[in-house]
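See structure below.
Numbered from 1 within each chain, the chains take letters A, B, ... in sequence-line order. No experiment lies behind these values; they were computed from the predicted model shown.
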Amino acid sequence: MTSVMDQTSSPAPVPSNELLEDLVGVSGRRRTKNAVMTGLMFASVAIIAIVLGFVLVTVISKGWGIVHTKFPHWFTDDIPPTARRVGPGMKAAIVGTIVTTLTATVIAVPLGIAGAVYLNEYGKRNVFARLLRFLTGVMAGVPSIVMGLFIYVFWVLPRHQEGLTGLAGAFALACLMLPIVVRATEEMLKLVPQNLRDASYALGATRSRTTLTVVIPKASAGIISGCLLAVARASGETAPLIFTVSVGASAVHKTNWNVFSGPNTALSLQIYANAKETLASAQDRGWGAALTLIALAFLFTLVARVMSARLSKKTQ
Amino acid sequence: MTLTINDLKSKKQYADKSFSVIVLLGGTTILVILAVIAYTITNRSTDAFRIAGFKFFTGQKFVPNGTPPALGILKYIFGTALTSLIAIVLAVPISLGLALYTTQVAPQWLKKPLVALTDLVAVVPSVVFGLWGIIYLAPKITTLYKHISDLCDGVPVLGSIFGKVGSGRSFMTAGLILAVMITPIITSIAREVIETCPQTDRDGALALGATRWEMITGAVMPHSIGGIVGAIMLGLGRAMGETIAVALVIGSSAAITSNLFSSGDSLPAVIALQWGEANATAKSALIAMGLTLFVMTLVVNFAATAIVTRSTKRMQGAA
C-alpha cells in the first residue's frame, strides 16, 4: 500500500552527501555526533537486511530439499497421515490455501472497492464517510485471532462440525482483507484528477457511469496491486484459520477442493503444526511448506509491484 | 418497443440511484462487521465472566476444567504487555533509523530498494517467523542469553531482568521476533510522515549551518513527532495481537516474573494453544480473553488513529 504511494509521489531533491560532509568550520564534536548518528541509521538498515537474509536463507536451504526430491510429488501428493513418515506431499495444504484465499478475495474485493468508491466519490468529507474512514483504521488493527474467534462464534458454532469449512476460513480472511482493500483503493481513487470526472459529467454521463467507466479504469492498476498485497497478507495468516477450517491444525491430510463443505487445511496451518513437532520428518515438511508459502506471497507482491510501477510510469 | 427520452432518463436515474445505494452498503459493511464482532464475542464471553467475576482479570490461576473452574488471566495479560514492551523498545530505534536513513541519508538510487526491503519483511508470514524462531533461533540464542545472564549475575536490577536461562523459548525471544515483525509497520508510516516535512524547513536548517543530524533533530523530528508516536502505537497494537509466532516461541508456561529469559505465555498464544482441548467453559474463557485483547488493541488503535489523523491535518496545514 505504502510502496504504491511512495512511487507515485515525486521525489524531493536531496542535497548531495559530498556537500554535507565537506562543511567547513563545523566543530569536531558536532561532526563526530553527525557521523555516529549516520552510522547508527545505517546500522539499523544492516540489522533488518541481515535478519531478513537469515530467515530467507534458512527457509530456502532447509525447505528446498523436500520440495525438489521426488519432484513433483510435493505438489501432487496428499500430506502423510503421520508425522513420523518421511517425505513429501503438501498438495492438500497448497489447495486449501489457494481456495480459501481465492474465496476470501471474491468476498472482500468487491465490498472493499464499493466501500472505497462510497468514501471517495459519494461520502467525501461528510460525517458518515469520516466515521467509516476512522472505523476502517480501527478494523485494520483488530488482531487476526479475534477475527477467527468472531467467525467461530458467528458462523461455525451454530453449524457444529459442518461449520468447519474453507468458507468459514475465507470469511475470517475476508474480514482481514476488507480494510486493506478499502484503504488502498481510496488512495488510488484520490489520485484520479478531478477534471476527468468533470469532463465526463460535461458529456452528460451520470455519476455511476463516470465512476464505472472513467474513475475506476483510470485507477485500476493501483487498485489491483493494492488488492494483491491484501491477498499476499491473507494467504500467510494462520490464527484465523485455527478456529474455522478444521478441528486441529494437523487434522486434515486429504485434498479438499470444495470450500463449501468438509474441513480443510492450509500451508500456514501445516507450518504451525509441524513447527510444534520434534521429529525431523515433520520439521522438514514445515520448512517445505514455509518455502512454498513465502514463494506464493512473494509472487503476489512482485506482480503488485510490477503493476504499480507500470501505473506510475503511465501517469507521469 | 420504443423508448422516449423520459423513459431513458428515469431508467438512467434509477441505475444511478441503485449504484449509490450499492456503494453505500459496501461502506456500511465495515460498520456492521465491527458491531457484530463486538456483540457476538461479548455475548459468548458472559459465561466466563459469570463464573469468575472481576477475578477474571486479577486471578493468577487458569484451570478451566477444575471444580470449581479457576479463570484468572492476569499472567497472560502480563505476558502480552511484557513481550509487546520488549518489541517496542527494540523496534522503535531500528524503525526510526531505517525511516530516517531512507528519507534523509540514502542516495536517490538506493531509496526504492530500501523501501522494497522493508516491505519484504512485511510479506514474510508470521508463522514462518515462528517456525524460524522455534527451530532455528531459540536453540542457538541460548548461548548469547547465558553470556548476558552471567555478566549481569549479582548486579542489582540487571541481575533480575536478565536472570536464569531456560530453553531459549522465552519472553525475550518472543519480543525479538515481534520486533522484527512490527518494524516494517512503524517504518513505513514514519517514512510517510517524515517525507511530508517541507523541503524549505530542511534547507533552512542546513543554511543555518546545521549538520545533517542537527537538521534531523531540529527540523524533521519536531515536524514529524506526532505521526511517529502514532506509528509506534499502531506497531504496539500489532505486537499485542500477534498470535502464532509468539505461541511458538514464548514457551507456554504462565509466569509473572521480571526475568526476560524465563518462558511465559500471552493472551493470543493461550487462545491458540488451548483451543483444541478446550471444553465449553474453557472456550467461553478463551473467547473472553479474545474480547479482552480486542478491547486492549481497540484502545491503542483509537489513540493511534486519532494522533495520526490530527498530526497529518496539522502538517497539511503547514505545507
Side-chain angles (χ1 to χ4, degrees), chain A residues 2-3 6 12 15 20 26 30 33-34 37-38 40-42 44-45 47-49 51-52 55 58-59 111 114-115 117-119 122 132 134-139 141 143 145-146 149-150 153-154 175 206-208 232 236 238-239 242-243 248 268 271-272 275 283 286 290 293-294 297-298 301, chain B residues 12 15-16 19-20 22-24 26-27 29-31 33-34 36-37 40-41 44 94 97-98 100-101 105 108 114-115 117 119-121 123-125 127-128 130-132 134-136 180 183 188 192 199 206 211-213 237 241 243-244 248 268 271-272 275-276 287 290 293-294 297 301 305:
Chain A
T2 44
S3 59
D6 288 342
L20 277 166
V26 174
R30 290 171 60 203
K33 194 167 188 189
N34 187 41
M37 285 308 175
T38 309
L40 284 178
M41 282 187 256
F42 183 75
S44 54
V45 175
I47 288 172
I48 278 299
V51 170
L52 180 68
V55 174
T58 318
V59 169
L111 276 176
V117 165
Y118 173 75
L119 289 180
Y122 287 81
L132 284 184
F134 183 71
L135 289 178
T136 309
V138 172
M139 193 171 171
I145 192 165
V146 174
L149 286 172
F150 158 60
V153 174
F154 182 74
C175 286
T206 57
R207 212 174 194 183
S208 56
T238 319
I242 292 177
F243 317 103
S268 55
I271 301 170
Y272 176 56
Q283 288 186 355
L293 186 57
I294 285 191
F298 277 17
T301 316
Chain B
K12 228 163 108 179
D16 204 35
F19 182 75
S20 70
I22 289 169
V23 295
L24 178 63
T29 29
I30 290 198
L31 181 80
I33 290 174
L34 277 176
V36 176
I37 292 176
T40 50
I41 291 188
R44 272 283 141 186
I94 292 186
L98 204 53
L100 286 171
Y101 189 86
V105 183
Q108 201 61 44
L114 283 176
V115 173
L117 170 76
D119 288 356
L120 224 53
V121 180
V123 172
V124 177
V127 68
V128 174
L131 178 77
W132 182 72
I134 189 173
I135 300 183
Y136 189 82
V180 179
T183 295
S188 63
E192 272 170 41
Q199 185 65 31
L206 292 175
T211 62
R212 180 163 50 214
W213 176 247
T243 308
I244 295 301
L248 288 172
I271 302 173
W275 187 260
I287 293 170
L293 189 68
F294 181 50
T297 49
N301 283 315
T305 317

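In terms of heavy-atom pairs under 4.5 Å with chain B, the best-connected choice from A/A232, A/S208, A/G236 is A/S208. Listed options A/I47, A/I48, A/I242 were ranked by heavy-atom pairs under 4.5 angstrom with chain B; first place goes to A/I48. When each of B/L131, B/I41, B/T243, B/I94 is scored by its heavy-atom pairs under 4.5 Å with chain A, the top score falls to B/L131. Comparing A/V55, A/L119, A/V117 by heavy-atom pairs within less than 4.5 Å of chain B, the highest count is held by A/V55. When each of B/T183, B/N301, B/I30 is scored by its heavy-atom pairs under 4.5 Å with chain A, the top score falls to B/I30. Note: B/I135 leads B/I135, B/I22, B/T29, B/V121 in heavy-atom pairs under 4.5 Å with chain A. Residue with the most contacts toward chain A among B/G276, B/G290, B/G130, B/P125: B/P125 (heavy-atom pairs, distance under 4.5 Å).
For B/W132, the parts lying under 4.5 angstrom from a heavy atom of chain A are both the backbone and the side chain. Proximity to chain B (any heavy atom under 4.5 Å) is shown, for A/L111, by both the backbone and the side chain. For B/I134, the part lying near chain A is the side chain, with the backbone staying farther off; criterion is any non-hydrogen pair under 4.5 Å. For B/L34, the part lying under 4.5 angstrom from a heavy atom of chain A is the side chain only. Residue A/V59 touches chain B through its side chain alone, counting heavy-atom pairs closer than 4.5 Å. The part of A/T58 that comes within reach of chain B is its side chain, from C-beta onward, which places non-hydrogen atoms under 4.5 angstrom from that chain. If you measure heavy-atom distances from B/L117 to chain A, the contacts under 4.5 Å come from both the backbone and the side chain. Contact annotation for A/Y272: both backbone and side-chain heavy atoms come within less than 4.5 Å of a heavy atom of chain B. Interface residue B/L114: only side-chain heavy atoms are found under 4.5 Å from chain A. Both the backbone and the side chain of B/T40 have a heavy atom closer than 4.5 Å to some heavy atom of chain A. Interface remark: B/T297 contributes side-chain atoms only to the contact with chain A (heavy atom separation under 4.5 Å).
Heavy-atom minimum distance, B/D16 versus A/R207: OD1-N, 3.5 Å. Smallest separation of non-hydrogen atoms from B/G27 and A/L132: O-CD2, 3.4 Å. Closest non-hydrogen pair, B/G26 versus A/A114, comes out as CA-CB, 4.0 Å. Closest approach of B/V128 and A/A290 over heavy atoms only: CG2-CB, 4.0 Å. Summarising the geometry of B/V123 relative to A/A297, their closest heavy-atom pair is CG1-CB, 3.6 Å, with the distance given to 0.1 Å.
Side-chain contact check for A/L52 versus B/L120: some heavy-atom pair is nearer than 4.5 Å. A 4.5 Å side-chain heavy-atom check between B/F19 and A/T206 finds every atom pair outside the cut-off. At least one side-chain heavy atom of B/V127 sits under 4.5 Å from a side-chain heavy atom of A/L293. Within the 4.5 Å cutoff, no side-chain heavy atoms of B/I33 are placed close to those of A/F154.
A distance of 8.0 Å separates OG of A/S268 from CD1 of B/I244, quoted to the nearest 0.5 Å. Rounding to the nearest 0.5 angstrom, the gap separating the CH2 atom in B/W213 from the CG atom in A/L40 is 8.0 Å.
Around the CZ atom of A/F298, the shell of radius 6.0 Å holds more than 12 heavy atoms that belong to other residues, nucleotides or ligands.
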